[in-house]
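If you're wondering where the values come from, they're calculated on a predicted model, not measured in any experiment. In this chain, residues are counted from 1 in sequence order.
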Amino acid sequence: MRREASVLHLDLDAFFAAVEQRDKPSLRGRPVVVGGVGGRGVVATASYEARAYGARSAMSTAEARRRCPSGTAFLGGRFAAYRRTSDVVMALLRELSPLVEPASMDEAYVDLAADSGHDLSVAGVTELGRRLKDRIAEATGGVTGSVGIGTSKLMAKIGSDLQKPDGLVVVPPGSELDVLHPLPVTRLGGVGPATAERLHQIGVKTVGDLAARSLADLVALAGKAHGAGLYALARAEDDRAVVPDRGVKSVSHEETFERDLTDLDVLNREIDSMAARVAERLRASAFSGRTVTLKLRRYDFTTLTRSQTLPQPTDDGRTIAAIARRLLSDAGTQGGLRLLGVGISGLSVYAQGDLFAEDLLTGEPEPLPDVVTAVDAPEPEPEVDLPAERRWWPGQDVRHEELGAGWVWGRGLGRVTVRFEGPLTPPGKVRTLSADDPLLHATDPPDWRTTG
């Protein structure tokens, strides 16, 4: 444990949605959901206005549509815009310290002790946090972040989550357990739904309840490594260093079941859920991967892995799930499975896949929507003849040679609807055009500092 609160954690608030609201004035103050569509579309980020209706990350887009009111904007991701904004924020963090560890595009740790010029008193780091938040909002055109500062990574991350959005929490040295123990046990990293359920069954609901359990109890419950980790975290024991520019080699998610499972339908649903989580983390980090791996542990603790490498990288949860399902079918479920995991490796920077696969399969025309519908990103150049409207996706940045810059509001029935506005303009007018209008072109995301 450090003697000073010198580890800072920054978490940008509803990042993808916040960038969309910044660049699209008509969406400010309205519910916005960024993510995929179709039967297995998954929410990547929901604005706080959408979260008030129950929309959240990793939820199916279909469920988010059921919960959110008419007028909610469902948008596809614009990763170039998110990356550009993230780069501005990370540059500000590197002005504070040479030790900055990005955890994803919208999250990072900073070791303030690596720069001898900082006042590491509680008052000093509190003021530093305030200045940082102001600089981020100014430099990004209004995107906010929540800051936590503490004596460890654990306490800094806990702090950044306590007063979201736009929060600032400094956990003074010596007060870690006072802050930590009243919190739900799910606030600790590594306590997912399965572990939380097992802990709840033995009466452990808060971190304080967890701290009251012996090391032997937790090892018996969660295994040697995981149990020892929970035991340490419940006591605020965390000596992990801030490691700059760490190289992420893989992204995975796994679950240990309360009882051995043999039902293939149940296991396939678990795979779908895990693949969606993996895909969400890939998109949040702007990565895609080529090798899908299925991990399974049988009733007798025999652990197997099966992998398949794709010709092109993907961050699509449907593709990851389909391959993992096939690998499970090949491996079999004889005797029952006590653990299942889905992962992807061979990572590279974000690359677009065949995001309109469902559209190509069904061939059904889409009605012109009253509100924005979503896809993840621009579709690739088609190899078959498609309606001209397929070139456009809601949320996409466009420019019309006569009407100016805007973004796609919706498409269907041979038409495309565009709202003509930019980051520095008032809410713009909506125009419906022919989908093959020769004056309409896709364009790069606008610069929020100069685009009017």
Side-chain angles (χ1 to χ4, degrees), residues 1-16 18-19 45 79-122 124-171 173 189 238-251 281-287 347-350 448-449:
M1 297 291 293
R2 301 184 179 205
R3 295 182 178 180
E4 300 93 5
S6 59
V7 179
L8 181 148
H9 181 260
L10 170 71
D11 190 0
L12 297 174
D13 301 318
F15 179 51
F16 294 173
V19 171
T45 304
F79 286 89
Y82 310 149
R83 173 57 67 190
R84 183 189 296 171
T85 304
S86 175
D87 288 346
V88 169
V89 173
M90 295 302 167
L92 292 176
L93 296 182
R94 292 186 178 96
E95 292 180 13
L96 296 178
S97 170
L99 296 184
V100 175
E101 180 181 328
S104 66
M105 197 184 297
D106 59 347
E107 181 182 358
Y109 294 94
V110 182
D111 188 341
L112 300 175
D115 188 317
S116 60
H118 294 310
D119 174 5
L120 297 181
S121 67
V122 171
V125 295
T126 300
E127 181 57 28
L128 181 149
R130 289 197 189 100
R131 291 198 305 269
L132 174 64
K133 283 162 46 64
D134 289 344
R135 293 186 69 195
I136 288 172
E138 180 180 3
T140 62
V143 174
T144 64
S146 293
V147 171
I149 305 175
T151 53
S152 65
K153 280 183 167 181
L154 169 67
M155 297 314 303
K157 185 170 177 61
I158 290 288
S160 69
D161 194 47
L162 286 177
Q163 295 182 5
K164 291 184 75 67
D166 200 19
L168 170 60
V169 173
V170 176
V171 181
D238 177 19
D239 60 358
R240 293 173 297 160
V242 176
V243 181
D245 299 323
R246 62 181 181 176
V248 178
K249 296 182 179 180
S250 65
V251 175
R281 291 171 57 192
L282 285 171
R283 289 191 292 267
S285 302
F287 280 114
L347 302 185
S348 59
V349 294
Y350 178 78
W448 69 90
R449 294 159 291 198

Problem set entry | Min side-chain heavy-atom separation R84-D87 under 4.5 Å | no
For this session: Mind running side chain to side chain contact (heavy atoms under 4.5 Å, CB included) on L120 and L112 for me, showing each step along the way?
Result: CA-CA 8 Å; L120 297 181; L112 300 175; 4.0 Å; yes
Exercise. Under a 4.5 Å cut-off applied to non-hydrogen side-chain atoms, are P244 and E101 in contact?
Worked result: no
Problem set entry | W448 side chain vs V19 backbone, donor-acceptor pair below 3.5 Å | no
Exercise. Heavy-atom distance under 4.5 Å between the side chains of E107 and L12, does that happen here?
Worked result: no
For this session: Considering non-hydrogen atoms only, spot the tightest contact between R2 and A113 and give its length.
Result: NH1-CB, 3.8 Å
Problem set entry | Separation between NE2 of H9 and NZ of K153, rounded to the nearest 0.5 Å | 9.5 Å
Exercise. Is there a side chain to side chain contact (heavy atoms under 4.5 Å, CB included) between V88 and R449 once you walk through the steps?
Worked result: CA-CA 12 Å; V88 169; R449 294 159 291 198; 4.2 Å; yes
Exercise. Can you check whether P102 reaches Y109 side chain to side chain, under 4.5 Å on heavy atoms?
Worked result: no
Exercise. Is it true that the side chains of S146 and D13 contain a donor and an acceptor less than 3.5 Å apart?
Worked result: yes
Exercise. Could you state the interatomic distance from OG (S152) to CD1 (I158), rounded to the nearest 0.5 Å?
Worked result: 9.0 Å
Exercise. Would you say L168 and K133 make side-chain contact, with heavy atoms under 4.5 Å?
Worked result: yes
Problem set entry | Backbone of Y82 reached by a side-chain donor or acceptor of S86 within 3.5 Å | no
Exercise. What's the spacing between K157 NZ and L162 CG if we round to 0.5 Å?
Worked result: 11.5 Å
Exercise. Is there a side chain to side chain contact (heavy atoms under 4.5 Å, CB included) between R94 and V110 once you walk through the steps?
Worked result: CA-CA 8 Å; R94 292 186 178 96; V110 182; over 6 Å; no
Problem set entry | Residue pair E4 / T151: nearest heavy atoms and the distance that separates them | O-CG2, 3.5 Å
Exercise. Taking the side chain as C-beta and beyond, is there a heavy-atom pair between F15 and T85 under 4.5 Å?
Worked result: yes
Problem set entry | Carboxylate-amine/guanidinium proximity below 4.0 Å for R135 and E138 | no
Exercise. Side chains of V125 and D119: closer than 4.5 Å at any heavy-atom pair?
Worked result: no
Seminar exercise, completed: One should read off an interatomic distance between S121 OG and L128 CG, to the nearest 0.5 angstrom, of 10.5 Å
For this session: Heavy atoms only: give me the nearest V143-I136 pair and the separation to one decimal.
Result: O-CG2, 3.7 Å
For this session: Kindly give the heavy-atom pair with the smallest separation between A5 and V171, and that separation in Å.
Result: CB-O, 3.9 Å
Problem set entry | Heavy-atom side-chain contact between V7 and I149 under 4.5 Å | no
For this session: With rounding to the nearest 0.5 Å, note down the distance linking OG in S6 to CG in L99.
Result: 10.5 Å
Exercise. Using a distance-only test with no angle check, is there a side-chain donor-acceptor pair under 3.5 angstrom linking D111 and S97?
Worked result: no
Problem set entry | Heavy-atom closest contact (L10 atom, L8 atom, distance) | N-CD2, 4.0 Å
For this session: Compare every heavy atom of V100 with every heavy atom of L93, then report the nearest pair and how far apart it is.
Result: O-CG2, 3.7 Å
